[in-house]
Structures are given as C-alpha cells and as structure tokens.
A.B. asks: 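Before I ask anything, let me first share the structure, which is written out below as structure tokens.
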Amino acid sequence: MELPPLDIHRMPGHLIRRLNQISVAQFMERISSAGLNLTPVQYAALCAIRENPGIDQASVAGLIAYDRATLGKVIDRLDARGLVLRKVSKSDRRARELFLSDDGEALLAAAHPLVEAAQPEILSGLTPEEQEELVQLMQKTIRAGNELSRAPHRELEKDAK
C-alpha cells in the first residue's frame with residue numbers, strides 16, 4: 001500500500017510543537033540575557049503561588065496544568081534556591097502551604113516584564129488582531145481538549161484559597 005504525500009507542516013500537532021519550541025526559545029533568550037535563572041514551568045509555578053499565597057502543591061499543578069509528580073520536583077528546586085517557602089498548614093498538619101520568599105518575589109518581578117515583552121515576538125508574523133484571534137482560538141481549543149491531557153487544567157475551588 002502506497003502512502004499519500006505526508007505534509008507535517010499542515011498538522012496541528014506538529015505546528016503546536018514548533019510554536020512551543022519558538023515560545024520556549026524566546027522565553028529562555030530574554031531570561032538568560034538578563035542573567036536570570038528560570039524555566040517556563042518555574043515561572044508559571046511562581047506566578048500561581050504569587051497569585052494564590054498558601055496554595056498547596058497539587059493545586060499549583062492543576063492551575064498550571066502540569067503533572068503533579070514532576071511539579072513536585074520543580075517546587076523542590078524552587079525551595080532549594082530559596083524562592084518559595086513551605087509552611088505547615090494550620091488546618092491540616094500533613095499539608096504544606098506555599099508562599100513566595102522575598103527572593104522569589106524579586107525574581108518574578110524581574111522576569112515578568114521580560115516574559116510579557118516576549119509574547120508579541122512569539123506571534124510576530126501576525127497582526128495584533130490576528131494575535132488576539134489566535135490566542136482566543138487556542139483558549140477555545142484547550143478548553144475543549146482539557147480532559148484529554150494527562151495534566152488537565154484545574155481551577156481552584158473558591159473556598160480552597
């Protein structure tokens with residue numbers, strides 16, 4: 001059986017992988033040029049913790065749609081670098097609440113403008129209107145396929161904060 005021509009450059013999965021490569025390259029270029037040491041996942045985790053002080057590790061994983069076990073290693077590295085603080089929960093002595101340390105706040109404050117500035121470059125071939133439309137379409141696609149992921153996005157329960 002002869003295969004028809006295969007054009008991976010029209011396959012959404014391949015295109016998304018390439019766009020991810022471009023996004024990570026832009027992130028790392030800006031962050032390393034500024035002399036900062038941070039990965040995209042660490043940045044996302046720090047953002048989630050900053051916006052939800054006292055959050056538990058599993059909830060951070062859900063908010064940033066990252067595998068719990070792998071995120072545990074990310075949090076361990078952030079803790080070892082003194083960027084996050086783990087405190088015993090007052091309501092459940094077995095649980096640990098996460099907070100940004102002063103160094104974590106400072107790193108996030110330095111990184112955030114760089115990350116924001118990189119966003120238009122990631123979609124530089126598009127007009128601002130097309131960029132907004134693509135973001136909305138990606139959000140719609142992600143919502144539709146969220147449960148197909150091994151690490152689905154999970155919102156915090158209102159009283160869990």
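Along the sequence shown, residues are numbered consecutively beginning with 1.
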A.B. asks: With L15, which residues qualify under side chain to side chain contact (heavy atoms under 4.5 Å, CB included), at least two apart?
C.D. replies: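 Once residues adjacent in sequence are excluded, L15 has no partner under the side chain to side chain contact (heavy atoms under 4.5 Å, CB included) criterion.
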
A.B. asks: Holding to side chain to side chain donor-acceptor pair (under 3.5 Å), I want the full list of residues that pass it with Q139, two or more places apart in sequence or in another chain.
C.D. replies: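 Not a single residue meets the side chain to side chain donor-acceptor pair (under 3.5 Å) criterion with Q139.
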
A.B. asks: If a pair satisfies side chain to side chain donor-acceptor pair (under 3.5 Å) and one of its residues is in residues 72-84, list it, with sequence neighbours excluded.
C.D. replies: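 Qualifying pairs: D76-R86, D79-R86.
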
A.B. asks: For residues 95-102, which side-chain donor-acceptor pairs fall under 3.5 Å, sequence neighbours excluded?
C.D. replies:
residue : atom : partner : partner atom : Å
R96     : NH1  : R93     : O            : 3.1
S101    : OG   : G82     : O            : 2.5
S101    : OG   : L83     : O            : 3.2
S101    : OG   : D103    : N            : 3.3
S101    : OG   : G104    : N            : 3.0

A.B. asks: Do S59 side-chain atoms and I55 backbone N/O form a donor-acceptor pair below 3.5 Å?
C.D. replies: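 Between the backbone of I55 and the side chain of S59 there is no qualifying donor-acceptor contact (under 3.5 Å).
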
A.B. asks: Can you name the residues that form a side chain to side chain donor-acceptor pair (under 3.5 Å) with R94, not counting sequence neighbours?
C.D. replies: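 For R94, the residues satisfying side chain to side chain donor-acceptor pair (under 3.5 Å) (neighbours in sequence not counted) are D92.
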
A.B. asks: Within a strict 4.5 Å, meaning less than it, do heavy atoms of the Y43 and L108 side chains meet?
C.D. replies: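 When only atoms from C-beta onward are counted, L108 and Y43 do touch, with a gap below 4.5 Å.
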
A.B. asks: Between M28 and P40, what is the shortest heavy-atom contact and its length?
C.D. replies: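 That would be SD-CD, 3.9 Å.
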
A.B. asks: Can you name the side chain to side chain donor-acceptor pair (under 3.5 Å) partners of T70, sequence neighbours left out?
C.D. replies: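 Partners of T70 by the side chain to side chain donor-acceptor pair (under 3.5 Å) criterion, ordered by chain and then number, come out as D67.
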
A.B. asks: State which residues pass side chain to side chain donor-acceptor pair (under 3.5 Å) with Q119; sequence neighbours excluded, sorted by chain then number.
C.D. replies: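 Per chain and number, Q119 pairs via side chain to side chain donor-acceptor pair (under 3.5 Å) with no residue.
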
A.B. asks: Considering residues at least two apart in sequence or located in another chain, which fulfil the salt bridge (Lys or Arg N to Asp or Glu O under 4.0 Å) criterion with E133?
C.D. replies: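 With sequence neighbours excluded, E133 shows a salt bridge (Lys or Arg N to Asp or Glu O under 4.0 Å) to no residue whatsoever.
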
A.B. asks: Return a table of donor-acceptor pairs under 3.5 angstrom between the side chains of residues 1-12 and protein atoms on other chains or two or more places apart.
C.D. replies:
residue : atom : partner : partner atom : Å
D7      : OD1  : H9      : N            : 3.0

A.B. asks: Using the side chain to side chain contact (heavy atoms under 4.5 Å, CB included) criterion, which residues pair with A48? Sequence neighbours excluded.
C.D. replies: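 Checked A48 against side chain to side chain contact (heavy atoms under 4.5 Å, CB included); matches are V60, L63, I64.
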
A.B. asks: My understanding is that a hydrophobic cluster links ILVMFWY residues whose side chain heavy atoms are under 4.5 Å apart, including indirect links. Using that, what else belongs to the cluster containing I16?
C.D. replies: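 Besides I16, the hydrophobic cluster comprises nothing; the residue is isolated.
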
A.B. asks: With sequence neighbours excluded, tell me which residues meet side chain to side chain contact (heavy atoms under 4.5 Å, CB included) with L126.
C.D. replies: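 If we apply the side chain to side chain contact (heavy atoms under 4.5 Å, CB included) test to L126, skipping adjacent residues, the hits are L123, E130, Q131, L134.
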
